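These notes concern the structure reproduced below.
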Amino acid sequence: MAILPIQSELLERLPQQQRNDWRDEFHAKGYVVIKDVIPEDRAKAYQQEAFSWLKSFSTELDIENPDTWTKENLPIQSKINSFPNYAVMHEKFFWEARQEPGVLEAFSRLWGTNELLVSFDSLNVTFPNRKDVLPKAAWQHVDQSPFRKGLHCVQGIINLSHAGPEDGGLMVYPGSHKLFEQFFESQTDKDTWSKNDLYLFNDEQLKWYGIHPHKVCAEPGDLILWDSRLIHYGAEPTDKSSVIRTVIYASYTPASFASKEALATKADIFKQWGGTTHWPHDNIVPREKRAFREDGTPDPRNREEPLNKPEITDQVLKLAGVLPY
């Protein structure tokens with residue numbers, strides 16, 4: 001029997017009843033690691049598919065040889081080690097991972113409905129101790145505008161690699177989601193608020209929270225969920241790490257949250273093999289399809305469609321917002 005959808009605002013007003021499962025930890029801390037959502041062998045197979053995708057851009061790239069982990073041999077990455085271009089978010093392996101039963105079941109249980117939309121987000125492959133790039137500085141942030149009240153979006157990482165204390169991974173400020181509205185009301189000027197679903201924190205603001213950051217550790221096949229109001233950032237691997245971080249960003253929200261206009265935009269982006277933010281139902285902003293080099297010129301290896309297209313099923317079309325539930 002289908003689980004009935006619940007509006008976000010109503011969900012937030014309901015008392016957080018004890019569920020005696022991982023949802024209790026999620027609501028208390030603002031994040032949770034759900035173990036073994038995907039069998040380990042399949043998670044590692046998805047990682048190999050990601051590596052094959054990377055190697056399709058250069059015959060010189062050798063995953064086993066750190067000397068080949070260079071900008072010349074890799075497609076262009078964003079500042080946070082992700083690949084938001086080249087239609088990677090619609091590769092066959094990407095869509096297969098998004099449709100893993102354990103992934104869908106987790107979001108269905110959390111939201112109270114199996115009628116979900118999925119984001120068209122990016123792939124992250126972080127090579128440790130690269131010789132041609134400097135480590136990125138921490139950029140503590142939340143991914144929800146202060147104009148939004150309550151729980152609106154839950155972000156997800158489908159983990160395809162080991163993530164230990166020294167490896168690249170997710171850093172969170174546990175419980176900071178509960179102080180989201182209090183912070184903006186008491187520590188900021190409402191006239192400065194933006195409707196953009198991103199807010200960066202400075203050191204003084206982080207001191208106000210008084211919460212120590214925590215490194216989220218996980219294994220291949222685990223699913224990491226976090227509330228978009230939770231302060232977080234992507235941690236760089238330390239010089240002790242030898243793990244190639246490989247994760248798929250995938251967020252799901254109830255289809256009932258989306259307006260007709262948002263669904264139309266989302267469907268159009270899907271038909272063009274485009275990418276969006278991590279928001280599945282709102283803030284449907286198309287990413288630039290082309291990747292650009294540091295000198296501002298387009299990457300000649302740009303792709304307008306996936307190298308290996310997914311099987312277009314009714315489930316894919318519903319998750320993409322093309323078909324109604």
Side-chain angles (χ1 to χ4, degrees), residues 5-12 30-31 78-80 82-85 87-90 94 98 107 110-111 113 115-124 139-158 170 172 176-177 180-181 183-184 188 190 192-201 224-234 247-290 317-322 324-325:
I6 302 175
Q7 289 297 326
S8 179
E9 293 81 2
L10 176 60
L11 179 67
E12 198 64 18
Y31 76 97
S78 72
K79 294 180 181 179
I80 56 172
S82 68
F83 296 98
N85 312 107
V88 66
M89 64 291 300
H90 297 294
F94 220 102
R98 286 192 188 111
F107 279 96
L110 181 65
W111 286 112
T113 179
E115 297 183 354
L116 300 170
L117 298 174
V118 71
S119 60
F120 305 151
D121 210 340
S122 52
L123 172 72
N124 184 309
W139 60 301
Q140 294 90 338
H141 66 284
V142 293
D143 288 303
Q144 183 166 311
S145 165
F147 284 108
R148 299 185 192 266
K149 307 299 181 183
L151 178 65
H152 283 258
C153 189
V154 177
Q155 295 170 247
I157 283 175
I158 300 173
L170 180 68
V172 298
S176 57
H177 65 304
F180 178 82
E181 292 184 16
F183 167 78
F184 282 104
T188 65
K190 192 170 184 178
T192 66
W193 290 4
S194 170
K195 291 187 177 180
N196 291 333
D197 289 300
L198 174 67
Y199 186 88
L200 299 170
F201 293 86
I224 305 171
L225 304 181
W226 72 100
D227 188 317
S228 283
R229 299 169 297 175
L230 189 77
I231 301 175
H232 63 282
Y233 66 95
V247 304
I248 288 174
Y249 295 116
S251 303
Y252 304 71
T253 49
S256 62
F257 287 7
S259 67
K260 291 182 179 179
E261 293 77 15
L263 288 173
T265 301
K266 188 177 183 73
D268 185 59
I269 292 171
F270 173 78
K271 292 171 184 176
Q272 298 181 49
W273 304 115
T276 64
T277 68
H278 68 269
W279 283 74
H281 68 282
D282 198 4
N283 192 15
I284 310 296
V285 179
R287 294 187 187 273
E288 170 62 61
K289 294 186 71 175
R290 297 174 299 169
L317 294 175
K318 288 177 180 178
L319 287 168
V322 178
Y325 283 94

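What you are looking at is a predicted structure, and each value in this text was computed from that prediction instead of being measured.
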List the steps, then state whether side-chain contact (heavy atoms from CB on, under 4.5 Å) holds for Met89 with Phe120. CA-CA 6 Å; Met89 64 291 300; Phe120 305 151; 4.0 Å; yes
- Task: Verify the ring-centre separation between Tyr252 and Trp111: is it less than 6.0 angstrom?
- Result: no
Are His90 and Phe270 an aromatic pair, judged by ring center distance below 6.0 Å? yes
Exercise: identify the closest heavy-atom pair between [X] and [Y]:
| X | Y | answer |
| --- | --- | --- |
| His278 | Cys153 | CD2-SG, 3.7 Å |
| Ser228 | Gln155 | OG-OE1, 2.9 Å |
| Leu230 | His232 | O-ND1, 2.7 Å |
| Ser194 | Pro146 | O-CD, 3.9 Å |
| Val154 | Phe107 | O-CE2, 3.8 Å |
| Phe94 | Val88 | CD1-O, 3.2 Å |

Regarding Asp121 and Arg287, does a basic nitrogen lie under 4.0 Å from an acidic carboxylate oxygen?
yes
Please report the interatomic distance [atom1]([X]) to [atom2]([Y]), rounded to the nearest 0.5 Å.
| X | Y | atom1 | atom2 | result |
| --- | --- | --- | --- | --- |
| Ile224 | Tyr31 | CD1 | OH | 10.0 Å |
| Tyr249 | Leu123 | OH | CG | 9.0 Å |
| Thr277 | Asp197 | OG1 | CG | 7.5 Å |
| Ser119 | Ile284 | OG | CD1 | 9.0 Å |
| Ile248 | Ile157 | CD1 | CD1 | 11.0 Å |
| His141 | Tyr199 | NE2 | OH | 13.5 Å |

- Query: Does the pair His152 and Phe257 meet the rule for a side-chain contact (heavy atoms from CB on, under 4.5 Å), with working shown?
  - Reply: CA-CA 9 Å; His152 283 258; Phe257 287 7; over 6 Å; no
Quick check against the 3.5 Å criterion: does [X] have a side-chain atom that pairs as donor or acceptor with the backbone of [Y]?
| X | Y | value |
| --- | --- | --- |
| Asp227 | Arg229 | yes |
| Lys266 | His281 | no |
| Ser82 | Pro84 | no |
| Gln144 | Gly150 | yes |

Next item on the list: Could you check if a side-chain atom of Leu319 sits within less than 4.5 angstrom of a side-chain atom of Tyr325, using non-hydrogen atoms only?
Entry: yes
Q. Does a side-chain heavy-atom distance below 4.5 Å link Thr253 with Asp282?
A. no
Sorted by chain and residue number, the side-chain hydrogen bond (donor to acceptor under 3.5 Å, both in side chains) partners of Lys289 (sequence neighbours excluded) come out as Glu304
side-chain contact (heavy atoms from CB on, under 4.5 Å) for Trp279 and Val285? Distances and angles first, verdict last. CA-CA 9 Å; Trp279 283 74; Val285 179; over 6 Å; no
Taking the inter-plane angle between the rings of Trp193 and Phe147 on a 0 to 90° scale, is it parallel (under 30°), tilted (30 to 60°) or perpendicular (over 60°)? perpendicular
